[in-house]
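All remarks here apply to the structure that follows.
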Amino acid sequence: QVRLVESGGGSVQAGGSLSLSCAASGYTYRNAYMGWLRRAPGKEREGVAAISPGVWITYYADSVKGRFTISRDNAKSTLYLQMNSLKPEDTAMYYCAERLMPSNSDYVSSPLSESQYNYWGQGTQVTVSS
């Protein structure tokens with residue numbers, strides 16, 4: 001049974017930093033495509049960052065490039081999201097997501113789309129005040 005558990009959310013002032021973690025279990029983590037997505041109040045869920053297995057290719061939404069860093073530790077079956085220079089517009093529920101299917105042209109063209117992922121965590125809230 002796949003299980004994803006996020007942690008590390010909280011409240012921070014603009015310009016601050018937070019580090020999110022996602023502990024994964026129930027499958028071969030090192031083979032999985034992983035991502036972070038978020039949903040702000042009144043908005044649809046959007047992709048933030050993604051990372052492939054193997055060579056660890058990373059993808060970022062334009063809104064977070066240069067500020068957020070996605071990484072993974074296969075030995076610990078854990079996914080991370082380091083968030084720096086946070087802005088009020090980063091306020092959202094952040095979700096860890098996992099894709100067990102191999103890469104294909106659809107994934108390569110839209111790795112941040114929520115339709116690419118099969119399993120989700122319960123989310124962790126990030127609130128950035130101005």
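Note that this is a predicted model, so its numbers are computed, not measured.
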Indicate yes or no for a side-chain donor-acceptor contact from Glu6 to the backbone of Thr124 under 3.5 Å, with no hydrogens or angles considered.
-> no

If you measure from the Lys or Arg side-chain nitrogens to the Asp or Glu carboxylate oxygens, is any gap between Lys87 and Asp90 under 4.0 Å?
-> no

Verify the cluster assignment for Ile57 and Val48: are they in a single hydrophobic cluster under the rule of side-chain heavy atoms below 4.5 Å apart?
-> no

Evaluate side-chain hydrogen bond (donor to acceptor under 3.5 Å, both in side chains) for Thr78 paired with Asp73, printing each intermediate quantity in order.
-> CA-CA 5 Å; Thr78 302; Asp73 185 331; over 6 Å; no

Within 45° of the axis and under 6.0 Å from the centre of the six-membered ring of Tyr29, does NZ or CZ of Arg72 qualify?
-> yes

Would you check if the side chain of Asn74 reaches a backbone N or O of Ser77 as a donor-acceptor pair within less than 3.5 Å?
-> no

Is Trp120 reachable from Tyr80 through a run of hydrophobic residues whose side-chain heavy atoms are each under 4.5 Å from the next?
-> no

Examine distances only and state if a side-chain atom of Gln1 and a backbone atom of Arg3 form a donor-acceptor pair shorter than 3.5 Å.
-> no

Could you give me the CA-CA distance, side-chain angles and deciding distance for Val126 and Arg38, then say whether side chain to side chain contact (heavy atoms under 4.5 Å, CB included) is met?
-> CA-CA 9 Å; Val126 171; Arg38 66 186 181 188; over 6 Å; no

Write down the atom of Glu98, the atom of Tyr119, and the distance for their closest heavy-atom approach.
-> OE1-CD1, 2.7 Å

Close side-chain approach of Thr69 and Leu81, heavy atoms under 4.5 Å | no

If two hydrophobic side chains count as joined below 4.5 Å and joins carry through other members, does Tyr59 share a cluster with Leu79?
-> no

Parallel, tilted or perpendicular: rings of Phe68 and Tyr94 (30°, 60°) = tilted

Verify, without hydrogens or angle tests, whether Asn31 (side chain) and Pro53 (backbone) share a donor-acceptor contact under 3.5 angstrom.
-> no

Can Met93 be reached from Trp36 by stepping across I, L, V, M, F, W or Y side chains whose heavy atoms are under 4.5 Å apart?
-> no

Is there a side-chain contact between Ser17 and Gln82 (heavy atoms, below 4.5 Å)?
-> yes

Criterion side-chain hydrogen bond (donor to acceptor under 3.5 Å, both in side chains) on Gln116 and Ser110, from CA distance to verdict = CA-CA 8 Å; Gln116 302 294 346; Ser110 56; 3.1 Å; yes

Can we say Arg39 and Glu44 salt-bridge, meaning some charged N sits less than 4.0 Å from an Asp/Glu carboxylate O?
-> no

